[in-house]
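This report concerns only the one structure given below.
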Amino acid sequence: MIVPDPDETGPLRRVYGTFPSGVVAVCALRDAAPVGIVASSFVAVSMNPPLVSVCVQHTSTTWPLLADRPRLGLSVLGTTHDRACRQIASKTGDRFAGIGYTATGQGAVLLHGAAAWLDCSIDTVISAGDHDLVLLRVEAMQPHEKVAPLVFHGSRLHALSALAS
C-alpha cells in the first residue's frame with residue numbers, strides 16, 4: 001500500500017483514475033454569453049429532495065462566474081462531446097465556439113446532443129480539501145435515452161462499447 005503524499009499527487013491521481021465516471025458540463029449565461037466548466041465528479045445524491053453534486057477546484061477561475069447564477073445547466077455529455085469537453089475545459093479561446101446549446105429562461109445552458117439535461121439551483125456549498133462540494137437541487141430534467149454517455153477513465157475520455165451483462 002502507498003500512503004498518499006500531498007506533495008506528490010501522481011500516484012493518487014492514478015488511483016482515482018481507475019474509477020470510471022460520467023462527465024457533465026456545468027453551464028449558465030453570464031452577461032448573455034455562455035460560461036461553463038466540465039466535471040467528472042458528478043454524483044446523484046438524493047431522490048427526495050432531488051439532489052446531485054459536483055466538485056469544483058478552489059483554483060477554478062470559471063466557478064466564481066457560475067456560483068451566483070440562479071440556475072445552472074448540467075449536461076451529461078454524450079459520446080459525440082469529446083471535442084466539446086476539451087474545449088469547455090480549456091483555459092483559453094472561445095469555449096463555446098461551434099457548440100450547440102439551449103438557454104433556459106433562468107439562464108441555465110444545456111448542450112445539444114447530451115445524454116441528459118438537469119436544470120439546477122445551488123443548494124449547499126461545502127468546502128472539502130482543495131475543492132468545494134456543490135450540492136445542486138434538480139428543478140427540471142430531461143433524459144435523452146438514445147444518447148450514449150461519455151466516460152472519463154484513466155485520464156482519458158471513452159465511449160462505452162457495450163454494457164457488461
Side-chain angles (χ1 to χ4, degrees), residues 13 16 19-153 155-157:
R13 186 177 304 277
Y16 287 173
F19 184 74
S21 62
V23 186
V24 296
V26 181
C27 307
L29 292 178
R30 178 155 208 108
D31 300 325
V35 175
I37 59 174
V38 172
S40 62
S41 58
F42 173 75
V43 175
V45 174
S46 171
M47 298 293 278
N48 188 15
L51 297 172
V52 298
S53 72
V54 295
C55 292
V56 181
Q57 285 183 322
H58 289 162
T59 57
S60 172
T61 57
T62 306
W63 175 245
L65 302 174
L66 294 167
D68 67 349
R69 302 290 81 200
R71 292 289 179 89
L72 299 174
L74 273 66
S75 299
V76 177
L77 298 185
T79 55
T80 62
H81 283 125
D82 54 340
R83 181 189 61 81
C85 181
R86 285 188 287 278
Q87 188 173 322
I88 293 170
S90 173
K91 299 208 182 296
T92 61
D94 182 351
R95 293 180 175 184
F96 287 84
I99 297 174
Y101 67 87
T102 297
T104 68
Q106 292 187 299
V109 170
L110 303 163
L111 303 187
H112 296 168
W117 288 338
L118 295 95
D119 183 351
C120 299
S121 59
I122 295 175
D123 184 271
T124 308
V125 178
I126 303 163
S127 184
D130 58 4
H131 281 65
D132 282 335
L133 172 67
V134 183
L135 288 173
L136 301 158
R137 182 178 292 268
V138 178
E139 306 289 353
M141 63 198 166
Q142 177 65 53
H144 301 118
E145 294 164 356
K146 293 185 180 184
V147 177
L150 192 62
V151 176
F152 187 70
H153 179 255
S155 298
R156 293 193 318 254
L157 298 169

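Just so you know, these numbers use all the heavy atoms, side chains as well, and skip hydrogens, waters and symmetry mates.
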Yes or no on side chain to side chain contact (heavy atoms under 4.5 Å, CB included) for Leu111 and Ile88, after CA distance, side-chain angles and deciding distance?
-> CA-CA 11 Å; Leu111 303 187; Ile88 293 170; 3.7 Å; yes
Which residues satisfy the side chain to side chain contact (heavy atoms under 4.5 Å, CB included) test with [X], sequence neighbours excluded?
X	result
Leu135	Val45, Ser53, Asp123, Thr124, Ile126
Cys85	Val23, Val38, Leu77, Leu150, Leu157
Arg69	Ala28, Arg30, Leu72
Asp94	Phe96, Ala97

Please collect all salt bridge (Lys or Arg N to Asp or Glu O under 4.0 Å) contacts where either partner lies in [range], sequence neighbours excluded, each pair once.
range	answer
residues 32-58	none
residues 44-64	none
residues 40-61	none
residues 100-120	Arg71-Asp119

Restricting to non-hydrogen atoms, name the atom on [X] and the atom on [Y] that form the minimum distance, rounded to 0.1 Å.
X	Y	answer
Gly113	Thr80	O-OG1, 4.4 Å
Asp68	Pro64	OD1-O, 4.3 Å
Cys120	Leu74	SG-CD1, 4.2 Å

| query | By side chain to side chain donor-acceptor pair (under 3.5 Å), which residues pair with Thr102, not counting sequence neighbours? | reply |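 Checked Thr102 against side chain to side chain donor-acceptor pair (under 3.5 Å); matches are His112.
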What residues form a side chain to side chain donor-acceptor pair (under 3.5 Å) with Thr62, not counting sequence neighbours?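 Expected list: Arg95.
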Next on the checklist: Going by salt bridge (charged side-chain N to carboxylate O under 4.0 Å, His left out), name the residues that satisfy it together with Asp82, two or more places apart in sequence or in a different chain.
Outcome noted: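 Asp82 satisfies salt bridge (charged side-chain N to carboxylate O under 4.0 Å, His left out) with Arg86 only.
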(request) Dump the intermediate steps for side chain to side chain contact (heavy atoms under 4.5 Å, CB included) on Val35 and Leu29, then the final yes or no. (result) CA-CA 6 Å; Val35 175; Leu29 292 178; over 6 Å; no
Notebook entry, point to check: Is there a side-chain contact between Cys27 and Tyr101, using heavy atoms and a 4.5 Å cut-off?
Noted result: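 With C-beta onward as the side chain, the pair stays apart.
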### Query
Which pairs count as side chain to side chain donor-acceptor pair (under 3.5 Å) when at least one residue sits in residues 138-151, sequence neighbours excluded?
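For residues 138-151, and leaving out neighbouring residues, the side chain to side chain donor-acceptor pair (under 3.5 Å) pairs sorted by first residue read Ser121-Glu139.
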### Query
Could you state the interatomic distance from SG (Cys55) to CG (Leu133), rounded to the nearest 0.5 Å?
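Answer rounded to 0.5 Å: 5.0 Å.
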(message) Tell me if a side-chain donor or acceptor on His58 pairs with a main-chain N or O of His131 at a distance below 3.5 Å.
(response)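 Checking the backbone N and O of His131 against the side chain of His58, a donor-acceptor pair under 3.5 Å is found.
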